[in-house]
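Letters A, B, ... mirror the listed sequences (proteins, then strands); counts begin at 1.
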2 protein chains.
Amino acid sequence: MMSASSHPRPALTVDVVIFTLKSSRLQVLLIQRARQPFAGDWALPGGFVSMEEPLEEAAMRELLEETGIREAYLEQLYTYGDPDRDPRGRVVSVAYYALIPSDAQVRSQGGSDASQARWFPIDELPKLAFDHNDIIAYGLRRLRYKLEYSAVGFQLLPEDFTLGELQRTYEIILGEKLDKRNFRRRILQAGIIEPTHRFKSGEGRPARLYRYRPDAVAEVKARRLFP
Amino acid sequence: MMSASSHPRPALTVDVVIFTLKSSRLQVLLIQRARQPFAGDWALPGGFVSMEEPLEEAAMRELLEETGIREAYLEQLYTYGDPDRDPRGRVVSVAYYALIPSDAQVRSQGGSDASQARWFPIDELPKLAFDHNDIIAYGLRRLRYKLEYSAVGFQLLPEDFTLGELQRTYEIILGEKLDKRNFRRRILQAGIIEPTHRFKSGEGRPARLYRYRPDAVAEVKARRLFP
DNA sequence: CCAAAAGTGTTTGCTCTACACCCATGG
DNA sequence: CCATGGGTGTAGAGCAAACACTTTTGG
């Protein structure tokens, strides 16, 4: 029951799992803790929610502080509230995950606090502070799951991208090879991306560039996109 | 960034969308607020999270206080943190939903506070306090979605149930008729429920009773169960 | 002209859907 | 014996999976 009294309150934080593609791998941004507890350990970017700040804005602020990026795909994951998760006392954390494009200019150094920041491939994570390993594991599960029935994948790519790049993105995250023709047919049928008139050349034949259709519904209701 | 200082903290509550089947309809338990703000309006059961209490336990406690029920399917929904959602100040709420069996003995009167409690069919909700209409709408969406690829439906039925009852449950919640033979084939194929040796008689031919297989994985990974 | 990646359709198998009749009981 | 809900199989359609060759460019 609501009451206006003020009991002692748990502290409230946000933590953000920031995903990107780097060196053809899915990576997560971690920062090295300067203070106790877990001083020296790696942890997710996160911090306290201030009194007037919406939760999503707090998550965006963490993203901005650690990467310098102002806009990204951001989604609430889960709220972690085990009373023992922080040795300093009761701290409840609302976890988010963010996808940032592989071409974004990230200053992964010198966030608001002088702590070190680094990208870690998802399969080479160190042991993290608090319950952050669990949070990342859950974030990864959600991301994979989401790829299967939506088209969020392109949020990890530059604004314009080729179908080959998109397919590689899916393969990296899902960890399996996909059939080129089936992939193209389905991703286009979903109607979430559209061809541009531009091409990208490099090795081999130039590839048509595609982009997100801002008017599209990002979720494909009907059925899973991939096996 | 974490710091051990203590800024002013948002208040933290849990709210619980309690679903049940009554009179062949999906219903939600609401309580009438005795106090300001929104005095007299209906609202979700909910309350402050105490310092040592896990979130899920706080949600269970609310469920117990309002219904007298100790065990039920319970799942975290989403965390609502708009700074303006409560006129008294900053209140962040972790929302849960619960499914309680249609045969459970609910004392829907005289919870811990003397406020009135009542079941409302999901399509006859009054205008609720705070953002509680949004929370219920989201809870319903999640429940429907979950029915399509898992078998949570039976959580709303007695321990033993017939396939006819289960199918009616699905039809009530999804709001569409399902084909009997296809329903049975798929729900059994999913391997989440198993036949007992008992039967239930009433009108017409007695029906075999089924029950949940406690050892089963509740989620059917592969594919949606229903269209 | 060779290497590299882009681009493109068709066949096959499987899964989902639609559909109708007999069975067991209680009144 | 009649009314009521329980229980069962199959054929056809639509979707998903598997599969190989041609095209375009840069070096």
Sequence neighbours excluded, every pair satisfying side-chain hydrogen bond (donor to acceptor under 3.5 Å, both in side chains) that has a member inside residues 198-207 of chain A: A:D160-A:R198, A:E165-A:K200

Taking the six-membered ring for Trp and the single ring otherwise, decide whether the centroids of B:F161 and B:Y210 are under 6.0 Å apart. no

Separation of A:L163 atom CG from C:dG7 atom C1', in whole Å? 10 Å

Net bend of the helix from C:dC1-D:dG27 to C:dG27-D:dC1, end axes of five pairs each, nearest 10 degrees: 0°

What's the CD-C1' distance between B:E171 and D:dG5, to the nearest Å? 13 Å

Summarise how protein sits on nucleotides 18-27 of chain D as a single string, 5' to 3': B when a protein heavy atom is under 4.0 Å from the base, S for sugar-phosphate-only contact, - for no contact. BBB--BBBS-

Measure CG/B:L209 against P/C:dT25 and give the value in whole Å, please. 14 Å

Return the OH to CG distance between A:Y96 and A:L55, rounded to the nearest 0.5 Å. 4.5 Å

Who passes side chain to side chain donor-acceptor pair (under 3.5 Å) against B:R144, sequence neighbours left out? none

Residues which pass side chain to side chain donor-acceptor pair (under 3.5 Å) with B:Q167, listed by chain and number, not counting sequence neighbours: B:E171

Nearest-angstrom distance from the residue atom CZ of B:F183 to P of C:dT15: 20 Å

So what does B:R208 touch, heavy atoms closer than 4.0 Å: a base, only the sugar-phosphate, or nothing? sugar-phosphate

Nearest heavy atoms of A:S102 and A:T20, plus distance in Å: CA-OG1, 4.0 Å

Whole angstroms only, please: what is the CZ-P distance between B:F199 and C:dG26? 13 Å

Testing the 3.5 Å rule here: is there a donor-acceptor pair between the side chains of A:Y138 and A:R142? yes

Measure OH/B:Y149 against P/C:dC16 and give the value in whole Å, please. 18 Å

Counting C-beta onward and ignoring hydrogens, is there a side-chain heavy-atom pair between A:L26 and A:L143 closer than 4.5 Å? yes

Whole Å only: how far is the CG atom of B:L178 from the P atom of C:dC19? 15 Å

What is the distance, to the nearest angstrom, from the CD1 atom on A:I187 to the C1' atom on C:dT8? 17 Å

Could you list the residues that satisfy side chain to side chain donor-acceptor pair (under 3.5 Å) with B:E71, not counting sequence neighbours? none

